[in-house]
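To find a chain, count down the sequence lines: A is the first, B the second, and so on, and within it residues start at 1. All values below come from the heavy atoms of this structure, side chains included, with hydrogens, waters and symmetry mates left out.
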Amino acid sequence: MGFLTGFFALFFYAAVIIFVAGVGFKISQYARTPAPLKVPTMPAPLTRKGVAFRLFTEVVFFKSLFRANKWIWILGWMFHFALLLVLLRHLRYFVDLNSPLWSWVILIQPFGKYAAFAMLAGLVGLLVRRFTVERIRYISIPSDYLMLILLLFIGITGSLMTFVAHTDIVQLKNFIGGIMGFSFDAHMPSDFILMLHLFSVFMLMIIFPFSKLLHAPGIFFSPSRNQVDNSREKRHLAPWAAKLEEAE
Amino acid sequence: MAKAKVTPPEMREYPVIPVLKPDAMKSDGPFIAKPMHQEPLNFPGELVDNWEEKAVEKLGDLVGRYRSLRVYLDSCVRCGACTDKCHYMIGTSDPKNMPVARQDLLRQVYKNYYTPLGKFFDKMGWEWGTKLIGAKKMDRSVLDDWYNYYHQCSQCRRCSVFCPYGIDTADISMAARDIMDHIGHGQKYCNEIIAKVYKIGNNLGLPEPALADTLEGLEEDLEDETGIAVQVPLDKKGVDILLVTPSADFFAEPHVDGLMGYAKVFHEAGVSWTISSHASEAANFGMFIGSYENMRRISLRIREAALDLGVKRIVFGECGHAWRVAYSFLNTLAGPFDFLDPKYPVPQHICEFTYNLIKEDKLTFDKSRNDDMVLTFHDSCNVARATRMGDFPGGQFVIPREVIKAACNNYYDMDEDTIHDLTYCCGGGGGLLTDDLMELRVKGALPRMEALKAVTEEHGVTHLAAICAICKSQFTKVLPYYNFQMDQIVSVHQLVSSAIILDGQVTDDDD
Ligand code: HEM
Ligand code: HEM
Ligand code: SF4
Ligand code: SF4
């Protein structure tokens with residue numbers, strides 16, 4: 001096992017553990033924290049099904065953002081949807097494409113490939129907004145810029161491999177397949193761009209649970225969006241509030 | 001009362017977004033509560049010695065108790081969607097009145113003490129790190145900004161409509177105020193009023209004998225007007241309905257005309273009802289200061305009154321924030337209300353009550369009696385975005401309008417970006433309806449005034465109807481700053497009162 005293989009294997013494990021444990025912890029923390037009052041932004045759905053639909057429109061179409069600002073919506077939605085396609089296309093490095101379960105991953109390959117441009121365009125647009133629109137410049141903190149730059153860097157290095165300097169995909173699959181099964185026979189392809197790509201991807205995964213990227217799980221836990229409007233019919237007593245009542 | 005010297009902002013031809021004017025509204029904030037205002041609420045009388053520590057501690061406590069707060073503080077991506085949505089931002093141009101900037105005042109402290117990166121950088125003393133993630137230590141300048149800018153938020157929730165994650169700056173303002181109360185740095189206006197509620201029973205400090213007097217006077221006025229003995233009972237046991245209404249309804253204009261409207265509607269409906277001197281206030285300022293404990297204590301008076309008087313139903317009068325606490329929280333805070341008649345929702349809004357009678361064709365109106373007015377309706381922020389009326393989502397927009405239209409011939413809506421759930425706050429909600437915040441109140445009314453001006457010019461609208469005691473008082477004060485008359489604001493049930501023809505009432509037309 002060479003140094004590079006060892007380094008990237010360890011980095012891979014570290015990133016995956018921090019990402020999974022970190023996001024898992026935050027999700028369980030959100031789930032454990034009580035919501036003592038009914039505070040959906042009205043008008044709100046009257047049933048759980050309605051809430052599922054409301055969340056669906058928020059997560060898939062960014063509905064509130066659409067009402068708020070068409071520019072942010074276009075740029076943001078383009079970036080996220082393209083990101084989704086890119087990530088789905090990436091599944092081919094991790095799954096067995098011959099299995100019928102995963103055959104759809106082959107179908108979306110061309111979409112995922114060209115989605116890279118939409119993703120980059122969206123990111124550039126968001127970055128330009130941050131620099132140029134006075135209000136957004138005022139509220140931005142350094143990490144907001146860095147986050148966009150990091151994603152741009154990932155996107156650019158990835159696209160370079162896809163469209164300019166191809167990397168050895170077979171070797172990469174062997175390497176990833178290997179370290180996922182804790183075997184280190186296949187070594188990391190010594191492709192500099194790929195290393196940059198992976199390095200920045202692992203950085204992103206590590207930062208995820210400690211940053212505003214928590215908006216991804218957060219949206220599902222937001223009381224103003226995920227509560228049913230039924231406060232007159234049902235009491236909504238949090239455990240600590242119940243204790244308060246008992247203490248009287 | 002004379003107009004305080006405040007220059008209202010220019011009305012905009014088009015709704016352009018103002019250029020930022022940093023620190024435009026920097027000040028010491030509203031009057032600070034004295035020990036006599038703090039202590040009845042179980043808060044320390046003045047700023048405690050180790051307040052930095054206590055504030056951070058309280059923040060941690062709240063973050064553990066409120067999922068909303070925790071998720072909101074973590075999730076903001078600073079996308080900017082909310083930055084131009086707040087009426088105070090529009091009216092003052094102060095960037096700290098952008099909802100996200102207002103949130104960040106609290107978020108920066110949260111980051112420093114309650115996120116792994118913030119704790120790490122703080123411990124290492126790496127200033128570049130805290131700057132990188134926008135974290136900040138709790139200190140005097142932070143506290144001063146909190147006190148000033150969290151008292152420039154009317155908790156209207158307009159920003160939360162637009163935020164992709166529904167982040168509600170109102171919740172964050174409430175948390176910040178709760179923290180400040182807990183370190184002895186409360187706001188005089190809110191806390192003084194809450195203390196009055198505990199001591200006397202209502203916000204205005206109107207004692208029981210004075211209240212009885214006032215209501216008797218109203219009965220006389222009603223009889224003079226209609227020739228019919230319409231009652232306005234106080235503390236009557238064994239009746240059907242307990243009416244809980246804001247104390248401003250007992251004598252402020254135009255509120256009191258609304259109260260006469262409720263009385264006439266109850267009379268026509270043939271139900272017996274009463275006001276309670278124990279719960280002679282609908283408003284619950286406990287919400288403004290984000291205090292669950294105080295909100296609950298204030299709510300319990302209503303439960304006690306209902307039990308004591310042996311009523312079957314509870315109906316709320318026209319009051320925006322009160323309706324939020326009533327509709328969304330009352331059942332949770334002071335329920336279960338299983339001792340009331342299960343046929344009716346607990347509580348009901350007076351507009352729901354009147355609307356049901358209209359639908360059943362039980363009320364007679366002579367709409368022409370309101371022909372001297374062309375009306376529009378101001379959706380009160382908390383009714384619109386934090387409650388419902390009726391049994392379908394959006395009933396809070398439909399029902400008051402239907403009530404107005406049943407009583408009036410001339411009605412026009414304001415621009416669609418300023419009504420329903422996109423309504424603008426009147427500028428005086430959320431514990432800001434105090435003279436020491438007059439400049440803020442005038443400036444914050446700008447977007448509503450612009451929308452009103454537009455329908456005035458386009459449709460000849462003459463009057464603005466509202467269902468909130470704060471809106472009514474606020475507009476009475478600020479309309480003149482924008483070259484309107486103070487009496488252009490009316491109560492919805494005032495319109496009902498003018499148009500309704502009581503059974504057996506002799507009208508001018510019959511003479
Ligand atoms: C449930 C999944 C997700 C939802 C619903 C979601 C939604 C949103 C929305 C509505 C915005 C604001 C609009 C914008 O600026 O683009 C946003 C911003 C952002 N999202 Fe997501 N997102 C999700 C997942 C992710 C993931 C997985 C990433 C990164 C790997 C990500 C990265 C970002 C970034 C960096 C921004 C800030 C953009 C800026 O600086 O303006 N999001 N997200
Ligand atoms: C361990 C995880 C990852 C691995 C092993 C990986 C590897 C690769 C490889 C080998 C390519 C070149 C594809 C080709 O030559 O056809 C690529 C492209 C790309 N990667 Fe990644 N990547 C990873 C994660 C990510 C993530 C998290 C993002 C986005 C945030 C990303 C964004 C891109 C983009 C935009 C492209 C170009 C478009 C495409 O081919 O889909 N990658 N990646
Ligand atoms: S809209 Fe929401 S996420 Fe965007 S800046 Fe405002 S509070 Fe933050
Ligand atoms: S709740 Fe209303 S007043 Fe407060 S920041 Fe949001 S829009 Fe402004």
Side-chain angles (χ1 to χ4, degrees), chain A residues 26 29-30 33-46 50 58 62-65 67-69 72-73 76 126 129-130 133-136 138-144 146 210-215 218-219 221-225 229 231-238 240-241 244-245, chain B residues 17 19-20 63-68 70-72 74-85 95 98 100-101 104 115-117 131-134 157 160-168 171 292-293 296 327-329 331-332 335-336 345-347 384-388 392-394 396 421:
Chain A
K26 284 311 283 192
Q29 186 186 46
Y30 292 155
T33 310
L37 293 167
K38 278 275 176 173
V39 292
T41 313
M42 303 282 193
L46 307 186
E58 291 296 346
F62 298 5
K63 183 175 153 221
S64 296
L65 185 61
R67 291 179 84 186
N69 188 312
I72 312 183
W73 180 81
L126 289 169
R129 259 186 74 83
R130 261 196 210 289
V133 179
E134 189 195 19
R135 283 168 293 126
I136 304 194
Y138 181 92
I139 58 171
S140 296
I141 53 178
S143 59
D144 292 330
L146 287 183
F210 306 108
S211 69
K212 66 176 186 177
L213 294 180
L214 287 172
H215 68 281
I219 190 169
F221 288 95
S222 171
S224 59
R225 292 289 181 268
D229 167 13
S231 49
R232 281 196 289 195
E233 290 77 38
K234 264 203 188 130
R235 288 195 80 199
H236 186 74
L237 206 60
W240 62 257
L244 196 85
E245 284 188 11
Chain B
I17 300 163
V19 176
L20 301 181
V63 164
R65 273 161 63 182
Y66 290 89
R67 182 187 298 160
S68 47
R70 169 159 265 152
V71 171
Y72 297 162
D74 276 343
S75 299
C76 172
V77 296
R78 279 163 300 284
C79 68
C82 60
T83 50
D84 56 348
K85 302 298 187 274
M98 297 191 284
V100 41
D104 273 343
T115 63
L117 282 181
K131 281 226 175 77
L132 175 76
I133 60 166
R157 312 191 91 199
S160 105
V161 171
F162 294 101
C163 173
Y165 322 113
I167 296 176
D168 185 1
D171 272 5
Y292 192 97
E293 293 77 8
R296 174 168 149 73
Y327 177 88
S328 294
F329 307 154
N331 193 13
T332 300
V346 183
R385 288 186 283 262
T387 74
R388 191 180 83 216
F392 56 99
Q396 68 271 35
D421 62 338

Restricting to non-hydrogen atoms, name the atom on [X] and the atom on [Y] that form the minimum distance, rounded to 0.1 Å.
X         : Y         : value
Thr33(A)  : Tyr66(B)  : CG2-C, 3.7 Å
Leu65(A)  : Ala81(B)  : CD1-CB, 3.5 Å
Arg388(B) : Leu46(A)  : NH1-CD2, 2.8 Å
Pro34(A)  : Gly64(B)  : CD-O, 3.5 Å
Tyr292(B) : Leu237(A) : OH-CD1, 4.1 Å
Gly218(A) : Ser75(B)  : CA-OG, 3.7 Å

Which bit of [X] is near chain B, if near means a heavy-atom gap under 4.5 Å: side chain, backbone, both or neither?
X         : value
Ile136(A) : side chain
Glu58(A)  : side chain
Asp144(A) : side chain
Phe221(A) : both
Leu146(A) : side chain
Ala238(A) : neither
Lys63(A)  : neither

Measure the [atom1]-[atom2] distance between [X] and [Y] for me, rounded to the nearest 0.5 Å.
X         : Y         : atom1 : atom2 : value
Leu244(A) : Glu293(B) : CG    : CD    : 5.5 Å
Arg225(A) : Ile167(B) : CZ    : CD1   : 9.5 Å
Lys212(A) : Ile133(B) : NZ    : CD1   : 13.0 Å
His236(A) : Thr332(B) : NE2   : OG1   : 6.5 Å
Cys76(B)  : Leu214(A) : SG    : CG    : 12.5 Å
Tyr327(B) : Ser231(A) : OH    : OG    : 4.5 Å

Validation row: [X], [Y] side chains within 4.5 angstrom (heavy atoms):
X         : Y         : answer
Val39(A)  : Asp168(B) : no
Phe62(A)  : Pro164(B) : no
Arg232(A) : Pro347(B) : yes
Asp74(B)  : Tyr30(A)  : yes
Arg135(A) : Leu20(B)  : yes

Side chain from CB out, backbone as N, CA, C, O: work out which of these in [X] comes under 4.5 Å of a heavy atom of chain A, or both, or neither.
X         : value
Val346(B) : backbone
Val63(B)  : backbone
Asp171(B) : side chain

Examine distances only and state if a side-chain atom of [X] and a backbone atom of [Y] form a donor-acceptor pair shorter than 3.5 Å.
X         : Y         : result
Arg78(B)  : Ser140(A) : no
Ser143(A) : Leu132(B) : yes
Arg67(A)  : Phe162(B) : no

Please identify, among [options], the residue contributing the most non-hydrogen atom pairs under 4.5 Å to chain A.
options                         : value
Val71(B), Asp84(B), Val100(B)   : Val71(B)
Leu117(B), Val19(B), Thr387(B)  : Thr387(B)
Ala384(B), Gly394(B), Ser328(B) : Ser328(B)

Task: Exercise: do Ser160(B) and Ser224(A) side chains pair donor with acceptor under 3.5 Å - done: no
Heavy atoms only, distances under 4.5 angstrom: which of [options] has the most pairs with chain B? Name it, please.
options                                  : result
Lys38(A), Gln29(A), Arg129(A), Glu233(A) : Gln29(A)
Leu213(A), Val133(A), Ile72(A)           : Ile72(A)
Ser211(A), Ala35(A), Ala44(A), Ser64(A)  : Ser64(A)

